[in-house]
Amino acid sequence: MKSIILMGIKHCGKSTQGRLLAEKLSLPFYDTDSVISEMTGKSPREIYSSGGESAFKLAETAACKEIEKKLEKENAVIATGGGICNNSEALALLHKLGTFVFLMSSEKVAADRICREAHTDENGKLSNLPAYIAKENPSNIQQVRAIFHDFYEERVRLYAGIADLSVKVDGTGGPCPKPVNTKRILSALGLNAEIN
């Protein structure tokens, strides 16, 4: 078995499923965003806000190199940041390590999660939004959803083209229970382990 590299849109469950899979398979778990924070002392959002996309890509690539060093003698489960589909250097490093699994979340579920995290500050401005939405300065949740729509379509197209496997993580009425999604991922990878 190779390392399992989870990718997908923000809030699709990469970190949650990564931890569950790592526990089930007795593998170490790495989250590229967490490794970025450990290495820089800043969150990915802070790096992106202060240094832009190029600074963030450099930090993300450095984090992937750090993970690669740690995995010289073992496999792992790795959760990636939502924008890794636009970082060819980081993708090349990770793809040498294992299998890319695209966790496909519906637009509605992903947008609902983003909107739930949004806050209105004391000036009436929306905050706590992903950088790609915040830079468009939406004034209400409807605008957030409209901005997200085009972004979602583009990201799904990119991920589908990169992934070795795609796994649907929503049901007809919304997100599936976590153990159901874990079983779906294991099944797609040909690992028929039962989740306790």
Side-chain angles (χ1 to χ4, degrees), residues 3-21 29-40 42-64 66-67 77-95 97-118 126-136 138 144-170 175 178 181 185:
S3 290
I4 299 164
I5 300 139
L6 304 177
M7 51 178 39
I9 202 100
K10 184 175 171 63
H11 293 307
C12 70
K14 299 180 295 286
S15 296
T16 299
Q17 287 302 320
R19 287 187 197 93
L20 290 169
L21 288 164
F29 170 68
Y30 298 100
D31 184 312
T32 58
D33 283 350
S34 296
V35 175
I36 289 169
S37 295
E38 289 163 16
M39 292 177 71
T40 66
K42 296 178 182 176
S43 72
R45 189 174 287 183
E46 287 170 329
I47 294 169
Y48 196 100
S49 295
S50 64
E53 184 178 9
S54 59
F56 175 73
K57 282 184 177 179
L58 285 173
E60 187 172 54
T61 301
C64 292
E66 184 65 21
I67 291 169
V77 180
I78 303 164
T80 61
I84 202 159
C85 55
N86 289 317
N87 189 338
S88 57
E89 191 176 350
L91 286 171
L93 286 165
L94 291 178
H95 215 187
L97 303 176
T99 304
F100 283 167
V101 181
F102 171 30
L103 302 185
M104 299 185 299
S105 179
S106 73
E107 180 179 347
K108 181 182 182 318
V109 167
D112 286 350
R113 288 172 176 160
I114 287 168
C115 291
R116 264 199 309 274
E117 286 192 359
L126 283 170
S127 62
N128 201 37
L129 293 168
Y132 65 89
I133 293 177
K135 73 179 182 184
E136 302 292 332
V144 169
R145 288 184 184 275
I147 294 163
F148 180 71
H149 172 74
D150 292 338
F151 176 85
Y152 176 86
E153 296 279 315
E154 174 67 6
R155 282 283 167 94
V156 167
R157 184 186 65 74
L158 288 171
Y159 280 123
I162 295 165
D164 298 304
L165 299 168
S166 296
V167 178
K168 189 176 177 188
V169 292
D170 296 334
K178 292 169 191 164
N181 283 330
I185 296 164

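Here the structure is a predicted model, which is why all the values come from computation and not from measurement.
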- Task: Side-chain contact test, heavy atoms from C-beta onward, threshold under 4.5 Å: evaluate it for N87 versus T61 and give yes or no.
- Result: yes
- Message: With a 4.5 Å cut-off on side-chain heavy atoms, are F148 and Y132 touching?
- Response: yes
- Determine whether the side chains of R45 and N128 contain a donor N or O and an acceptor N or O closer than 3.5 Å. yes
- Task: Please step through side chain to side chain contact (heavy atoms under 4.5 Å, CB included) for the pair I4 and T99, ending with a clear verdict.
- Result: CA-CA 5 Å; I4 299 164; T99 304; 5.8 Å; no
- Nearest 0.5 Å please: distance from the CG atom of L93 over to the OG atom of S88. 10.0 Å
- Message: For a quick test of reading the model, state the closest non-hydrogen atom pair linking V35 to A63 and the distance between them.
- Response: CG1-CB, 3.7 Å
- Item | Interatomic spacing from SG in C64 to CG in L91 - rounded to 0.5 Å | 8.0 Å
- Query: What residues, two or more places apart in sequence or in another chain, satisfy side-chain hydrogen bond (donor to acceptor under 3.5 Å, both in side chains) together with E107?
  - Reply: H149
- Which pairs with one or both residues in residues 82-92 pass salt bridge (charged side-chain N to carboxylate O under 4.0 Å, His left out), sequence neighbours excluded? K65-E89
- Task: Over all heavy atoms of both residues, which pair between D33 and D31 is shortest? Give the atoms and the distance, please.
- Result: N-OD1, 2.9 Å
- Answer yes or no: is there an ion pair linking K108 with D112, defined by an N-O contact shorter than 4.0 Å? yes
- Closest contact, heavy atoms only, T32 versus T80: OG1-CA, 3.3 Å
- Looking at CE of M7 and CD1 of I78, how far apart are the two atoms once the value is rounded to the nearest 0.5 Å? 10.5 Å
- Backbone N/O of D150 and side chain of E153: donor-acceptor pair under 3.5 Å: no
- Task: Begin from the C-alpha positions of K57 and E53 and carry the test salt bridge (charged side-chain N to carboxylate O under 4.0 Å, His left out) through to its verdict.
- Result: CA-CA 6 Å; K57 282 184 177 179; E53 184 178 9; 3.4 Å; yes
- Message: Counting C-beta onward and ignoring hydrogens, is there a side-chain heavy-atom pair between D170 and V109 closer than 4.5 Å?
- Response: yes
- Supply the atom-to-atom distance T40 OG1 to L58 CG, rounded to the nearest 0.5 angstrom. 12.0 Å
- Item | Minimal non-hydrogen separation, F102 against A163, with atom names | CB-CB, 3.5 Å
- Do Y152 and I9 have side-chain heavy atoms sitting under 4.5 Å apart? yes
- Task: Kindly give the heavy-atom pair with the smallest separation between N181 and V169, and that separation in Å.
- Result: ND2-O, 3.1 Å
- Kindly compute the distance separating CG (L94) from CZ (F100), expressed to the nearest 0.5 Å. 5.5 Å
- Query: Does a side-chain heavy-atom distance below 4.5 Å link Q17 with I185?
  - Reply: yes
- Is there a side-chain contact between I36 and F56, using heavy atoms and a 4.5 Å cut-off? yes
- Any pair with a residue in residues 155-166 that passes side-chain hydrogen bond (donor to acceptor under 3.5 Å, both in side chains), sequence neighbours left out, goes on the list, sorted by first then second residue, please. H95-D164, E154-R157
- Does the side chain of P138 come within less than 4.5 Å of L129's, by heavy atoms? yes
- Message: Between K42 and S37, is there a side-chain heavy-atom distance shorter than 4.5 Å?
- Response: no
- Between S105 and A110 the two heavy atoms that sit nearest each other are OG-N, 4.0 Å
- Item | Gap separating the CG atom of L6 from the OG atom of S15, nearest 0.5 angstrom | 8.5 Å
